[in-house]
**Q** 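Below is one structure. I have some questions about it.
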Amino acid sequence: RSSDLLGQASDSHTIQAHLLGVFDNVKTVRFHEKDYDRILSMSSREGETVELDSAVMAQGNVEMWLSSLLKQVQNTVHSVIRTAAHAINDPSFQLFEFFDSFPAQVGVLGIQMIWTRDAQAALANARSDKTIMKATNQAFLDMLTALIEMTTKDLSKFDRTKYETLVTIHVHQRDIFDDLVRMHIKSPADFEWLKQSRFYFNDDTDKCVISITDVNFEYQNEYVGCTER
């Protein structure tokens, strides 16, 4: 209860018990060993830990610093997404290395951005390159096979949930693209493509955007950890 929380706020560490009431999935935060009120990272219910971009000082009015913490959590998620958006376009990009080095929710967003990028490129070139739709469809299928293969390995509970989620998302994506191939769609301006949820990172506006038809939603940058879909 927030009255309890505000009452005990003279000790910043008592916030731990209340975090899930404030955040989607920040269960605990880590304080600096010597600097008692300095918050350095956040952890989810599943035990995933993400370092904050900048430390938050849990001092003074509890509502004020909680609001700074909320902002910093969103800033952190945003900057991790920005880094991920650049990583997927790096020539040396490796899919599973990517999943291992980014928080689970950003891995999911990554596979959605990869699918959007590759599907859109295939559609844009479909008239001039007769093989690109089929080749892209096969590449999506290969990616799916590799993800499914991953779930057959001996994984931690966390990694199992992560890869099962990626499989669920990518099965759906691959099905959509498979349909586009079967319908002989050959343009990114076709409504069959535009009506899908498409995921972009726009460097000019520094925003992660989800587009459906001509409506754009800004990604909210809440930290959601790794929960089952």
Side-chain angles (χ1 to χ4, degrees), residues 1-2 4-5 8-9 11-33 35-58 62-63 65-88 95-114 147 150-151 153-170 172 197 199 201 207-208 210 217-229:
R1 292 206 322 280
S2 63
D4 289 357
L5 171 58
Q8 307 170 342
D11 180 354
S12 59
H13 291 217
T14 57
I15 192 72
Q16 301 281 22
H18 302 276
L19 285 169
L20 283 172
V22 180
F23 295 91
D24 281 349
N25 194 0
V26 177
K27 184 170 191 260
T28 56
V29 290
R30 184 169 62 83
F31 288 89
H32 192 282
E33 278 174 31
D35 195 354
Y36 192 81
D37 292 327
R38 185 183 292 273
I39 298 175
L40 302 175
S41 68
M42 54 180 170
S43 297
S44 68
R45 286 185 191 85
E46 312 80 53
E48 179 178 69
T49 297
V50 179
E51 300 293 321
L52 293 173
D53 252 15
S54 355
V56 172
M57 290 309 291
V62 83
E63 282 163 350
W65 67 253
L66 261 182
S67 141
S68 305
L69 179 60
L70 190 59
K71 229 183 230 86
Q72 193 48 244
V73 166
Q74 290 173 338
N75 289 350
T76 297
V77 170
H78 181 70
S79 75
V80 174
I81 290 170
R82 185 197 300 122
T83 307
H86 294 160
I88 63 174
L95 191 64
F96 288 95
E97 217 171 84
F98 174 79
F99 293 140
D100 285 342
S101 46
F102 282 90
Q105 94 184 67
V106 180
V108 166
L109 196 54
I111 205 171
Q112 291 170 315
M113 291 194 285
I114 289 168
L147 284 167
M150 199 68 185
T151 64
K153 298 195 167 138
D154 185 20
L155 299 173
S156 66
K157 186 168 179 292
F158 177 83
D159 280 339
R160 176 155 310 285
T161 303
K162 176 167 90 172
Y163 282 108
E164 283 173 358
T165 303
L166 288 163
V167 166
T168 304
I169 299 273
H170 193 56
H172 176 62
S197 300
F199 297 78
F201 190 87
K207 299 255 187 289
C208 180
I210 298 117
F217 301 92
E218 211 175 293
Y219 191 84
Q220 289 304 299
N221 299 318
E222 300 298 342
Y223 176 61
V224 297
C226 180
T227 48
E228 286 173 36
R229 296 285 167 132

**Q** Which atom names give the shortest non-hydrogen contact between Glu46 and Asn25, and what distance separates them?
**A**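 Closest approach of Glu46 to Asn25: OE2-ND2, 2.8 Å.
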**Q** Kindly compute the distance separating OG1 (Thr151) from CG (Asp159), expressed to the nearest 0.5 Å.
**A**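 Rounded to the nearest 0.5 Å, the OG1-CG separation comes to 12.0 Å.
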**Q** List the residues meeting salt bridge (charged side-chain N to carboxylate O under 4.0 Å, His left out) with Glu164, not counting sequence neighbours, and say none if there are none.
**A**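 Glu164: salt bridge (charged side-chain N to carboxylate O under 4.0 Å, His left out) contacts with Arg160.
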**Q** Please work out which of the three classes, parallel, tilted or perpendicular, describes the rings of Phe99 and Phe96, given edges at 30° and 60°.
**A**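 The rings of Phe96 and Phe99 stand perpendicular, inter-plane angle above 60°.
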**Q** Provide the closest heavy-atom pair for Phe98 versus Gly107 in the form atom of the first, atom of the second, distance.
**A**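 For Phe98 versus Gly107, the nearest heavy atoms are CE2-CA, 4.0 Å.
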**Q** Quick one, Val108 and Leu166 - any side-chain contact, counting heavy atoms below 4.5 Å?
**A**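 Yes, their side chains come closer than 4.5 Å.
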**Q** For Leu109 and Phe201, what are the C-alpha separation, side-chain angles and deciding distance, and is it a side chain to side chain contact (heavy atoms under 4.5 Å, CB included)?
**A** CA-CA 10 Å; Leu109 196 54; Phe201 190 87; over 6 Å; no
**Q** Start with the C-alpha gap between Leu69 and Met42, add the side-chain angles, then the distance that decides, and say whether side chain to side chain contact (heavy atoms under 4.5 Å, CB included) holds.
**A** CA-CA 10 Å; Leu69 179 60; Met42 54 180 170; over 6 Å; no
**Q** Can you measure from CD (Gln112) to OH (Tyr219) and round to the nearest 0.5 angstrom?
**A**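 Going from the CD atom of Gln112 to the OH atom of Tyr219 covers 8.0 Å.
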**Q** Would you please name every residue forming a ring-ring contact (aromatic ring centres under 6.0 Å, His included) with Phe23, sequence neighbours left out?
**A**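 Counting only residues at least two positions away or on another chain, Phe23 forms no ring-ring contact (aromatic ring centres under 6.0 Å, His included).
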**Q** Measuring only between side-chain heavy atoms, which start at C-beta, is Ile111 closer than 4.5 Å to Leu147?
**A**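 The answer is yes, as the side chains (C-beta and beyond) meet within the 4.5 Å cut-off.
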**Q** Please report the closest heavy-atom contact between Thr76 and Leu52, naming both atoms and the distance.
**A**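 Here Thr76 and Leu52 meet closest at OG1-CA, 3.5 Å.
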**Q** Partners of Phe199 by ring-ring contact (aromatic ring centres under 6.0 Å, His included), sequence neighbours excluded?
**A**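 Scan of Phe199 (ring-ring contact (aromatic ring centres under 6.0 Å, His included), adjacent residues dropped) gives none.
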**Q** Look at the rings of Phe31 and His13 and say which category their plane angle falls in: under 30° parallel, 30 to 60° tilted, over 60° perpendicular.
**A**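 If you compare the ring of Phe31 with that of His13, the planes turn out parallel.
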**Q** Can you sort out the partners of Tyr223 under ring-ring contact (aromatic ring centres under 6.0 Å, His included), two or more places apart, ordered by chain and number?
**A**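 Tyr223 satisfies ring-ring contact (aromatic ring centres under 6.0 Å, His included) with no other residue.
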**Q** What closest approach, in Å, do Ala85 and Ile88 show between heavy atoms, and which atom pair accounts for it?
**A**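 Heavy-atom minimum between the residues: O-CG1, 3.3 Å.
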**Q** Kindly give the heavy-atom pair with the smallest separation between Ile210 and Ser197, and that separation in Å.
**A**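 Closest pair (atom of Ile210, atom of Ser197, distance): CG2-CB, 4.3 Å.
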**Q** Tell me which pairs pass salt bridge (Lys or Arg N to Asp or Glu O under 4.0 Å) where either residue lies in residues 16-32, with sequence neighbours left out.
**A**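 Checked against salt bridge (Lys or Arg N to Asp or Glu O under 4.0 Å) - neighbours excluded - the pairs reaching residues 16-32 are Arg30-Glu51.
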**Q** Could you go step by step and tell me if Tyr36 and Asp11 meet the side chain to side chain contact (heavy atoms under 4.5 Å, CB included) rule?
**A** CA-CA 9 Å; Tyr36 192 81; Asp11 180 354; 3.0 Å; yes
**Q** Restricting to side chain to side chain donor-acceptor pair (under 3.5 Å), what partner residues turn up for Thr49, sequence neighbours left out?
**A**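 Applying side chain to side chain donor-acceptor pair (under 3.5 Å) to Thr49 gives Ser43.
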**Q** Which residues satisfy the ring-ring contact (aromatic ring centres under 6.0 Å, His included) test with His86, sequence neighbours excluded?
**A**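 Partners of His86 by the ring-ring contact (aromatic ring centres under 6.0 Å, His included) criterion come out as none, since no residue qualifies.
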**Q** Quick test of your reading: applying salt bridge (Lys or Arg N to Asp or Glu O under 4.0 Å), list the pairs with at least one residue in residues 66-79, sequence neighbours left out, ordered by first then second residue.
**A**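 As it turns out, there is no salt bridge (Lys or Arg N to Asp or Glu O under 4.0 Å) pair with a partner in residues 66-79 once direct neighbours are skipped.
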**Q** Find the distance between CD1 (Ile15) and CH2 (Trp65) and round it off to the nearest 0.5 Å.
**A**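 With rounding to 0.5 Å, CD1 (Ile15) is 4.0 Å from CH2 (Trp65).
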**Q** What residues form a side chain to side chain contact (heavy atoms under 4.5 Å, CB included) with Gln74, not counting sequence neighbours?
**A**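 For Gln74 the side chain to side chain contact (heavy atoms under 4.5 Å, CB included) partners, ignoring immediate neighbours, are Asn221, Glu222.
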**Q** Who passes side chain to side chain contact (heavy atoms under 4.5 Å, CB included) against Ala104, sequence neighbours left out?
**A**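 Residues passing side chain to side chain contact (heavy atoms under 4.5 Å, CB included) with Ala104: Glu48, Phe158, Lys162, Cys226.
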**Q** By side chain to side chain contact (heavy atoms under 4.5 Å, CB included), which residues pair with Ser79, not counting sequence neighbours?
**A**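 Once residues adjacent in sequence are excluded, the partners of Ser79 under the side chain to side chain contact (heavy atoms under 4.5 Å, CB included) criterion are Asp53, Arg82.
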**Q** Using the test side chain to side chain contact (heavy atoms under 4.5 Å, CB included), find all partners of Ala55 that sit at least two apart in sequence or belong to another chain.
**A**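 Testing Ala55 for side chain to side chain contact (heavy atoms under 4.5 Å, CB included), a comparison that skips the adjacent residues, returns Arg38, Leu40.
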**Q** Heavy-atom count around His32 NE2 within 6.0 Å, excluding the residue itself: above 12?
**A**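 Correct, the count exceeds 12.
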